[in-house]
Amino acid sequence: MALSQVALITGGTRGIGFGIAEALAREGLDLALCGVRPPEAVAEVVARLQALGRQVAYFQADVAQGPDRAKLVQQVRNRFGRLHVLVNNAGIAPTVRADLLEATEESFDQVLAVNLKAPYFLTQQVAHWMIRQRQEDPSYQGTIVNIGSISATVVSVNRGEYCISKAGLAMASQLWAVRLAEFGIRVYEVRPGIIQTDMTAPVRAKYDRLLGQGLCVEARWGQPEDVGRAVAMLVRGDLPYSPGQVLLVDGGLTIPRL
């Protein structure tokens, strides 16, 4: 009996990450989840995913830190012995939304460490492991999905560091797609719009108003499961001839309109 595929999802116990985890569990994948919260704080979430009939393991790790990234990959290897999917989902918003003229270097460094440096170098580590698996088994198929944001191209002058981090992640997705193609490892970016999560809770009233004024073609908040379904499609291999491409999950927000 063939072993199930395994997906590592950073920030996989809440918000968009949980939506992705749930979708992949329903696709039959076992899950390795990581986050900064202690295991006891996510036990209920892990149990909900295990109830879908999959193996689920949680590892506490701050992916912005190199030693934590290395330890995470080793823990996944020890627990499962294999890895087919990496979803770089963990991300943060600035602690303070500050205008470009007032923003601090500290905030810039903090946001880019989590949103750009972490997925860039976690991909590097995981890619080496995926390449070895491919060499051992020519039928092996690896998939890497970066969770970006419409902020890669849509300007918010009160959170410039966030926009820059997501613009950088967009280029990283294309770089890795080119570099890993020879090994049969597909790399994509999923770019959500306004998704109803803990991160967007502080600006909920603002976006309720804008959605009511026609901000999106589909006049509703996006939900984590919307992003989860998009990632599941890529992991299934439904877009095999589209390496490095961006899948927008934004309700039509970025369609130019007159």
Side-chain angles (χ1 to χ4, degrees), residues 1-14 17-43 45-90 118-147 176-177 179-188 228 231-238 240 243:
M1 182 177 177
L3 294 171
S4 301
Q5 291 194 3
V6 176
L8 168 58
I9 307 168
T10 66
T13 62
R14 66 200 311 173
F18 179 79
I20 295 168
E22 190 172 38
L24 294 187
R26 294 186 188 281
E27 290 288 323
L29 279 78
D30 293 331
L31 305 176
L33 311 177
C34 83
V36 296
R37 292 185 290 173
E40 57 270 20
V42 301
V45 172
V46 170
R48 286 173 59 189
L49 293 168
Q50 289 173 330
L52 297 174
R54 308 315 313 163
Q55 294 187 55
V56 183
Y58 175 77
F59 307 100
Q60 186 176 4
D62 178 358
V63 290
Q65 305 298 322
D68 274 26
R69 291 193 297 271
K71 182 179 178 181
L72 171 64
V73 173
Q74 187 60 52
Q75 286 176 320
V76 175
R77 184 182 287 111
N78 293 343
R79 174 66 175 80
F80 293 100
R82 62 199 188 282
L83 183 66
H84 302 80
V85 177
L86 169 64
V87 182
N88 285 307
N89 165 76
Y120 188 88
F121 285 103
L122 183 58
T123 294
Q124 183 187 66
Q125 288 188 314
V126 167
H128 283 291
W129 185 12
M130 287 184 167
I131 290 167
R132 288 195 295 273
Q133 290 177 94
R134 174 79 169 194
Q135 291 169 340
E136 294 166 1
D137 177 9
S139 68
Y140 170 87
Q141 177 67 64
T143 304
I144 297 172
V145 182
N146 289 328
I147 305 303
W176 284 115
R179 184 64 185 90
L180 298 178
E182 66 178 283
F183 305 106
I185 300 169
R186 299 183 184 125
V187 182
Y188 304 96
V231 174
M233 178 182 69
L234 297 174
V235 169
R236 281 197 308 268
D238 290 355

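Every heavy atom of this structure was used, including side-chain atoms; hydrogens, water molecules and symmetry mates were not.
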Quick one: closest heavy-atom pair of [X] and [Y], and the distance?
X      : Y      : answer
Pro243 : Ala177 : C-CB, 4.2 Å
Ala232 : Glu27  : CB-CG, 3.9 Å
Thr10  : Ala90  : OG1-N, 2.9 Å
Leu83  : Ala7   : CD1-C, 4.0 Å
Met130 : Leu86  : CE-N, 4.0 Å
Ala21  : Leu31  : O-CD1, 3.5 Å

Using only atom types and a distance under 3.5 Å, with no angle test, would you say the side chain of [X] pairs donor to acceptor with the backbone of [Y]?
X      : Y      : result
Asn89  : Gly11  : yes
Tyr58  : Gly35  : yes
Gln5   : Gly28  : no
Arg186 : Thr143 : no

- So among Arg79, His84, Arg54, which one has a side-chain contact (heavy atoms from CB on, under 4.5 Å) with Asp30?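 The side-chain contact (heavy atoms from CB on, under 4.5 Å) with Asp30 is passed solely by Arg54 among Arg79, His84, Arg54.
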- Message: Rounded at 0.5 Å granularity, tell me how far CZ in Arg82 sits from CD in Gln133.
- Response: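 So the gap between those two atoms works out to 9.5 Å.
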- Item | Distance in Å, Gln75 CD paired with Asp68 CG, rounded so as to fall on 0.5 Å steps |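 The distance works out to 9.0 Å.
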- Message: With a sphere of 6.0 Å drawn around OH of Tyr120, does it hold more than 12 non-hydrogen atoms of other residues, nucleotides or ligands?
- Response: no
- Item | pair Gln124-Trp176: side-chain heavy atoms closer than 4.5 Å |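 Gln124 reaches Trp176 side chain to side chain.
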- With Arg26, which residues qualify under side chain to side chain contact (heavy atoms under 4.5 Å, CB included), at least two apart? Glu22, Leu52
- Counterpart residues, side-chain hydrogen bond (donor to acceptor under 3.5 Å, both in side chains), relative to Asn146 (two or more places apart):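 Once residues adjacent in sequence are excluded, the partners of Asn146 under the side-chain hydrogen bond (donor to acceptor under 3.5 Å, both in side chains) criterion are Asn88, Ser173.
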- Message: Enumerate the salt bridge (charged side-chain N to carboxylate O under 4.0 Å, His left out) contacts for residues 120-140, please, sequence neighbours excluded, ordered by first and then second residue.
- Response: none
